[in-house]
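Read the structure below first, then the notes.
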Protein chains: 2
Amino acid sequence: MLSIGVLAKRTGTKVQTVRYYEQIGLMPEAERSAGGQRRYATAQLDRLAFIRHARQLGFSLEAIRELLDLSDSPERSCAEVDAVARRQLSEVEARLARLEALRGELQRMIGECHADRVADCRILEVLRDHEECLSDHGAPQP
Amino acid sequence: MLSIGVLAKRTGTKVQTVRYYEQIGLMPEAERSAGGQRRYATAQLDRLAFIRHARQLGFSLEAIRELLDLSDSPERSCAEVDAVARRQLSEVEARLARLEALRGELQRMIGECHADRVADCRILEVLRDHEECLSDHGAPQP
DNA sequence: CTTGAAGCTACACCCGCTGTAGGTCCCATA
DNA sequence: TATGGGACCTACAGCGGGTGTAGCTTCAAG
Ligand SMILES: [Zn+2]
Ligand SMILES: [Zn+2]
Ligand SMILES: [Zn+2]
Ligand SMILES: [Zn+2]
């Protein structure tokens, strides 16, 4: 039986984050010691490691909840799991496209600024007027 | 003199967002009509357009505050402006690198799953064990 | 003058944590 | 067995960057 501190350290999580996951129902309520402190078995360690790894791969807590639920029914088809992963992939691809456009615009405006004074700064000119941009770059960061 | 609704519509902003920008001091306190409603001049329209465009290019509100302050002193050197933009570019590049690594892992795990049952799903295997990954992918999305 | 859209304030909520305050528990050492 | 200091507990506030709601008041067209 592990304390929350050991569990956290072994999975690269902060103690508060573990408690937060319990609070939102992503981790089950932990058993408690006589004095009321949380105690964890290896199953919880594995679950937390799964959550952290999925987070590192960019899955939302909602998606992770789905994945955890699915992995509790090992006899079911894994089509839903694959769908969650594909959804995640297309989110990542969408963000990549946006960021590539941003990078292009930023590089261009930095490259074009040969001014000394703020009054003539190309960067500020571009920021003042989207017509100066080559790409769309839709909404602010999601 | 424009109402907040017109100002918002012309800059592609939500009315609440305009009020929020005022609240955090990014937009100046607006003049008011006799009945207490906000009224805006063209200068504010330009300022808001600048803010929104910079947001679309991924600048944080803090960076935008800096840029707005700098553009109020047109005689100064634009070196600081350029530095803000370069910082933004390197943040974008860092995110791109992370997302490219994520994309690689996601593509690989999706491509490797030829199972039918959840019990044998390659995606879940990879999520359970980072050793299955080829790349690091450090911290969850910042 | 009426009416309905648009504005007002104040507040709660989203995600995914992180930090703090003020108290309690655990366990190695003396 | 007593003690000290780390680790733990709960409860709550706050981050960024907004969004949504409730319950009012104001504006402008007809
Ligand atoms: Zn410049
Ligand atoms: Zn643009
Ligand atoms: Zn599968
Ligand atoms: Zn991994």
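In this text, all values refer to a predicted model and were calculated from it rather than measured experimentally. Each chain gets a letter, A, B and so on, in the order its sequence line appears, and its residues count up from 1.
Following rounding to the nearest Å, A:Y20 (OH) and D:dT10 (C1') show an atom-to-atom distance of 17 Å. If you take CD of A:Q56 and C1' of C:dG16, they are 14 Å apart, rounded to a whole angstrom. Remark: C1' of D:dC27 and CE of B:M1 are 16 Å apart, rounded to the nearest angstrom. At whole-Å resolution of the value, CD in A:Q23 and P in C:dC15 are 13 Å apart. Counting to the nearest Å, the P atom of D:dG16 and the CZ atom of B:F59 are 18 Å from each other. Between the CD1 atom of A:I24 and the C1' atom of C:dC14 there is a distance of 13 Å, rounded to whole Å. Rounded to whole Å, the distance from CZ on B:R32 to C1' on D:dT26 is 12 Å. The distance from atom CG of B:L26 to atom P of D:dG16 is 12 Å, rounded to the nearest whole Å.
Phosphate proximity of D:dG18 to B:R55: present, with a side-chain N or O under 4.0 Å from OP1 or OP2. Contact annotation: A:S3 reaches the phosphate of D:dC8 (side-chain N/O to OP1 or OP2, under 4.0 Å). Contact annotation: B:Y21 side-chain N/O to D:dG18 OP1/OP2 distance is under 4.0 Å. Look at B:R65 and you won't find any side-chain N or O under 4.0 angstrom from OP1 or OP2 of D:dG16. A sub-4.0 Å separation between OP1 or OP2 of C:dT9 and a side-chain N or O of B:R19 is absent.
Set against C:dG16, D:dC8, C:dT9, the side chain of A:I4 has D:dC8 as its closest nucleotide. Closest contact between the side chain of A:R38 and the listed nucleotides C:dG16, D:dT10, D:dC8 involves D:dT10. Here D:dG20 is the nucleotide among C:dG7, C:dC8, D:dG20 with the atom lying nearest to any side-chain atom of B:K14.
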| Going through the checks in order, is the side-chain hydrogen bond (donor to acceptor under 3.5 Å, both in side chains) test met by A:Y21 and A:R47? | CA-CA 11 Å; A:Y21 288 161; A:R47 189 178 176 96; over 6 Å; no
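Comment: A:R76 engages A:E80 in a salt bridge, judged by a side-chain N to carboxylate O separation of less than 4.0 angstrom. Ion pairing between B:E31 and B:R39 fails under the 4.0 Å rule for side-chain N and carboxylate O.
Although no hydrogens or angles enter the test, the distance criterion places no donor-acceptor pair under 3.5 Å between the side chain of B:E93 and the main chain of A:R103. Side chain of B:T17 to main chain of B:T13: no donor-acceptor pair is present (N/O by atom type, distance under 3.5 Å, no hydrogens or angles).
Map B:K9 and A:Q16 each onto its nearest nucleotide of DNA chain C; the residue landing nearer the 5' end is B:K9.
Looking at heavy atoms from C-beta onward, B:D136 lies in side-chain contact with B:H130 at the 4.5 angstrom threshold. No side-chain heavy atom of A:D72 sits under 4.5 Å from any side-chain heavy atom of A:L68.
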What protein N or O atoms touch nucleotides 23-27 of chain C N or O atoms at under 3.5 angstrom, if any, and at what distances?
unit_1	atom_1	unit_2	atom_2	d
C:dC26	OP1	A:S33	OG	3.0
C:dC26	OP1	A:G35	N	3.0

